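Lettering of chains follows the sequences in order, A, B, ..., and the numbering in each one begins at 1. What you are looking at is a predicted structure, and each value in this text was computed from that prediction instead of being measured.
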2 protein chains.
Amino acid sequence: MILIIIIFVIVRRKSKQREAIIKVLRVPTSHPSAEWIYEQVKKEIPGIGLSTVNRNLRALEKVGEVLELHAFSNTARFDGNSNTHYHFYCEGCGKILDLDEPIDPTIETRIARKTGLKVTRHHLELGGLCLGCQKHKLPTDNQFER
Amino acid sequence: MILIIIIFVIVRRKSKQREAIIKVLRVPTSHPSAEWIYEQVKKEIPGIGLSTVNRNLRALEKVGEVLELHAFSNTARFDGNSNTHYHFYCEGCGKILDLDEPIDPTIETRIARKTGLKVTRHHLELGGLCLGCQKHKLPTDNQFER
DNA sequence: CTATGTGCAAAATTTTTGCAAGCTT
DNA sequence: AAGCTTGCAAAAATTTTGCACATAG
C-alpha cells in the first residue's frame with residue numbers, strides 16, 4: 001500500500017492503464033514480458049497499446065518500482081571468459097567490469113538440493129556507478145571498453 | 001590452449017572469421033556487443049557480415065565457450081517485486097522462478113569498499129532446468145507463467 | 001487550464017533465417 | 001566430394017518516438 005502511494009508520488013498521475021499494468025505486475029511469481037503484460041491488460045482495456053505498456057514499464061523501472069530482469073541494456077553483451085565470475089554494470093556509461101570477488105562454489109549444489117532444480121550455472125551481477133561516472137556525475141561516453 | 005582445442009571439437013570447422021571473433025572475445029575485460037565485435041573483426045576481415053558474428057556467438061555460447069551476459073532470452077522480462085531477491089531461469093522452457101535464498105546484505109557494501117564503485121543493486125541469477133523440463137527432457141511449452 | 005498520459009503509426013534496433021557460393025577436411 | 005560456413009538480403013522480433021487527442025489534478 002505504501003509502495004503504491006510512493007509510485008504515484010513519482011510517476012505523477014494515475015491512469016486506468018497504469019493501474020491495470022501494475023495489477024498484472026503484482027501477480028506473485030509472474031515474470032512477464034511486455035508482450036505478455038499487454039495481452040493480460042487487454043482483457044481489461046481492449047484498446048490499450050503496446051507502447052503504453054512499454055512506456056509504463058520503463059517509467060516504473062526508473063523509479064525502482066519494477067525490476068527489469070537480466071537486462072543491462074537491450075543489446076546482448078558477451079564475455080569470452082566463460083569461467084564463472086561476477087560482473088558490475090555501470091548504469092551511467094554502460095561499462096561492464098569483472099569483479100574478482102571469490103565465487104561461492106556451494107551455491108549451485110545447495111540450491112539444487114533444496115529445490116530439486118538442476119542448476120548448471122550462476123551469475124552475480126551488481127549495478128551502480130563506476131568511478132568515472134561518480135566523479136563526472138554525468139555518464140562518461142565509453143560504451144563497451146574494459 | 002586446451003580450451004581452444006575443445007571449441008573446435010564441437011564447433012566443427014575453423015574459419016578465419018571464427019578465429020578472428022574468438023580473438024576479439026579473448027581481449028581481457030572486454031564485454032562487447034555483437035556490433036562492437038563486428039566492428040573490430042572488420043578491421044581484419046573487411047568483408048565479414050554481422051550475421052556471421054551473431055551466428056558464431058550463438059554457437060560459441062551454446063558450447064559454453066562464451067558467456068552471454070544478462071540475457072535469459074532476447075526479450076525483456078519484468079518483476080513486480082522490486083525487493084532484492086534471486087532468480088532461477090529454466091533454459092528449457094524460459095520460466096523464471098523466484099528463489100527464497102536469503103540475500104547477502106553485506107555484499108554491496110563489501111564490494112563498494114573494496115573497489116570504490118558505487119553499488120546500488122545486486123542480483124543473483126541461476127540457470128538450469130526446472131523440474132518439468134528435467135522430467136520431460138523436452139522443454140515444456142510454457143513461456144512466461146509462474 | 002496545463003502538464004501528463006494515451007493510441008496509433010512509423011522508425012529504429014537488434015537478431016534470425018533462406019539461399020547460393022565458398023571453404024575445410 | 002560432402003557438408004559446414006559465409007555474405008547478403010529479407011524477414012522477424014522488440015522497443016522507441018512523434019504527434020494529435022484525451023484526461024487527471
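The nucleotide whose nearest atom lies closest to any side-chain atom of A/R13 is, among C/dG7, C/dT15, D/dA24, D/dA24. When the nucleotides C/dA3, D/dT14, D/dG7 are ranked by their closest atom to the side chain of B/T75, D/dT14 comes out on top.
A/R55 has its CZ atom 10 Å from the C1' atom of D/dG18, to the nearest Å. Taking atom CD1 of A/I45 as the reference point, atom C1' of D/dA22 lies 14 Å away to the nearest angstrom. One atom, NZ of A/K14, and another, C1' of C/dT6, lie 18 Å apart when rounded to the nearest Å. Rounded to whole angstrom, the span from the CD atom of B/E19 across to the P atom of D/dT5 amounts to 12 Å. B/L57 places its CG atom 15 Å from the P atom of C/dT14, with the value rounded to the nearest Å. Between the CG atom of B/N54 and the P atom of D/dA12 there is a distance of 18 Å, rounded to whole Å.
A salt bridge does not link A/E65 to A/R18: none of the charged nitrogens lies less than 4.0 Å from a carboxylate oxygen. The residues A/E101 and B/K114 are annotated as salt-bridged, a charged nitrogen and a carboxylate oxygen being separated by less than 4.0 angstrom.
Phosphate contact (OP1/OP2 of C/dC23, side-chain N/O of B/S15, threshold under 4.0 Å): absent. For the OP1/OP2 pair of C/dT6 and a distance below 4.0 Å, the side-chain nitrogens and oxygens of A/N56 include at least one atom meeting the criterion. Look at B/Q17 and you'll find a side-chain N or O under 4.0 angstrom from OP1 or OP2 of D/dG7. OP1 or OP2 of C/dG5 sits under 4.0 Å from a side-chain N or O of A/R18.
Between B/G49 and B/F78, the residue anchored closer to the 5' end of DNA chain D is B/G49, taking for each the nucleotide with the nearest heavy atom.
Ring geometry for B/H87 versus A/H31: interplanar angle over 60°, hence perpendicular rather than tilted (30 to 60°).
Put simply, the side chain of A/S51 and the base of C/dC8 share a donor and an acceptor less than 3.5 Å apart.
Contact annotation for A/R58: backbone-only contact, meaning every heavy-atom pair under 4.0 Å involves sugar-phosphate atoms and none involves a base.
No donor-acceptor distance shorter than 3.5 angstrom exists from the side chain of B/H122 to the backbone of B/E108, with no hydrogens or angles considered.
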